[in-house]
Amino acid sequence: MAFKFREEVVGKRFLCVRGTSKPKLSKVSEWEWKAGVIRASSHDDTRNYEISVLVEYDGLHWTKREWVKVHDGSFVIFIVEKTLYWAERDNPEKPSRRLLWPVLSFKLIVDKVNLSASKVRPIEFLGDCLLTFLDEKDLQLHPVSY
């Protein structure tokens, strides 16, 4: 059963890769990924080619945040938090043990590398924001109760 996710992007995490050349999809983990939080948006519809978002990058002081035009051609990929899943990872306290951990999955906004055709998905573990890439079959939907 699929659950509706919040379409509004303000307050959500994002991942992006800038560049003019198309990186190799087979080396997705080696791309220069940047991550952070969207603080404001000029439009609600991410398909609007005029949309600009105020981004605050992880690891930078908040005064370094900037407005970026999502569809101006400077991004090869721009993805925004979509929903929660469970994924297996090493236990941070006991690396010899594996456990299920909540992860964020992402919605493609700009995809010039055809990541949508790949079964590998970028995901981010909650808590430490560890970015990794997993086959979509390794993700388990996070249960939602009302």
Side-chain angles (χ1 to χ4, degrees), residues 2-95 98-136 138-144:
F3 295 99
K4 178 104 173 100
F5 64 94
R6 183 173 63 91
E7 293 282 346
E8 182 181 330
V9 297
V10 175
K12 288 187 174 184
R13 296 218 23 99
F14 73 91
L15 299 172
C16 66
V17 176
R18 284 188 184 224
T20 53
S21 63
K22 186 176 171 183
K24 292 184 179 182
L25 196 53
S26 61
K27 298 189 180 225
V28 66
S29 63
E30 298 173 15
W31 298 353
E32 292 184 32
W33 290 93
K34 287 186 133 186
V37 178
I38 297 172
R39 296 299 182 191
S41 176
S42 62
H43 300 304
D44 291 335
D45 185 0
T46 56
R47 294 168 299 189
N48 184 320
Y49 279 86
E50 297 298 317
I51 189 171
S52 293
V53 291
L54 180 63
V55 295
E56 190 172 302
Y57 294 106
D58 292 349
L60 291 180
H61 193 269
W62 70 269
T63 57
K64 301 285 185 191
R65 59 186 168 188
E66 63 180 350
W67 282 97
V68 296
K69 291 186 178 218
V70 175
H71 297 287
D72 72 351
S74 64
F75 294 101
V76 292
I77 193 138
F78 193 96
I79 56 180
V80 176
E81 151 189 346
K82 182 177 179 184
T83 193
L84 287 174
Y85 285 94
W86 291 101
E88 200 171 272
R89 74 175 286 182
D90 290 336
N91 184 334
E93 295 175 6
K94 295 181 183 177
R98 306 271 300 160
L99 49 78
L100 286 177
W101 200 276
V103 297
L104 286 175
S105 69
F106 294 86
K107 174 185 175 185
L108 292 160
I109 307 299
V110 173
D111 182 15
K112 293 182 181 174
V113 292
N114 206 19
L115 185 62
S116 60
S118 170
K119 291 191 182 282
V120 174
R121 298 285 176 246
I123 56 109
E124 191 176 74
F125 286 100
L126 293 185
D128 59 6
C129 297
L130 175 67
L131 175 63
T132 194
F133 303 87
L134 296 177
D135 190 299
E136 58 190 12
D138 295 328
L139 300 174
Q140 300 174 32
L141 196 57
H142 194 283
V144 177

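All residue numbers in this chain count up from 1 along the given sequence.
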S.K.: Please name the pair of heavy atoms, one in L25 and one in N114, separated by the smallest distance, quoted to 0.1 Å.
M.R.: CD2-O, 3.8 Å
S.K.: Taking all non-hydrogen atoms of both residues, which atom of V76 and which atom of G19 are closest, and how far apart?
M.R.: CG1-O, 3.5 Å
S.K.: Spell out, as yes or no, whether a donor-acceptor pair under 3.5 Å connects the side chain of K112 to the backbone of G73.
M.R.: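 Pair found, side chain donor or acceptor close to backbone of G73.
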S.K.: If you take the centroid of each ring, where Trp contributes its six-membered ring, are F133 and W33 closer together than 6.0 Å?
M.R.: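 Yes, they do, as the ring centres are separated by less than 6.0 Å.
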S.K.: Sub-3.5 Å donor-acceptor pair from the side chain of H43 to the main-chain atoms of D45, do we have one?
M.R.: no
S.K.: For the side chain of R121 and the backbone of L115, is there at least one donor-acceptor N/O pair under 3.5 Å apart?
M.R.: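 Answer holds: yes.
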S.K.: Nearest heavy-atom pair of V68 and V55: which atoms, and what distance?
M.R.: CG2-CG1, 4.1 Å
S.K.: Would you call R13 and E81 a salt bridge, taking side-chain N to carboxylate O under 4.0 Å as the test?
M.R.: no
S.K.: Do the ring centers of F78 and F106 come within less than 6.0 Å of each other?
M.R.: no
S.K.: Taking only Lys NZ, Arg NE, NH1 and NH2, and the carboxylate oxygens of Asp or Glu, determine whether R18 and E66 approach each other closer than 4.0 Å.
M.R.: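 Counted as a salt bridge, because a side-chain N and a carboxylate O are separated by less than 4.0 Å.
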S.K.: A quick test of your reading: do over 12 heavy atoms of other residues, nucleotides or ligands sit less than 6.0 Å from CG of D111?
M.R.: yes
S.K.: Only counting residues at least two apart or in another chain, list the ones meeting ring pair (Phe, Tyr, Trp, His ring centres under 6.0 Å) with H71.
M.R.: Y49
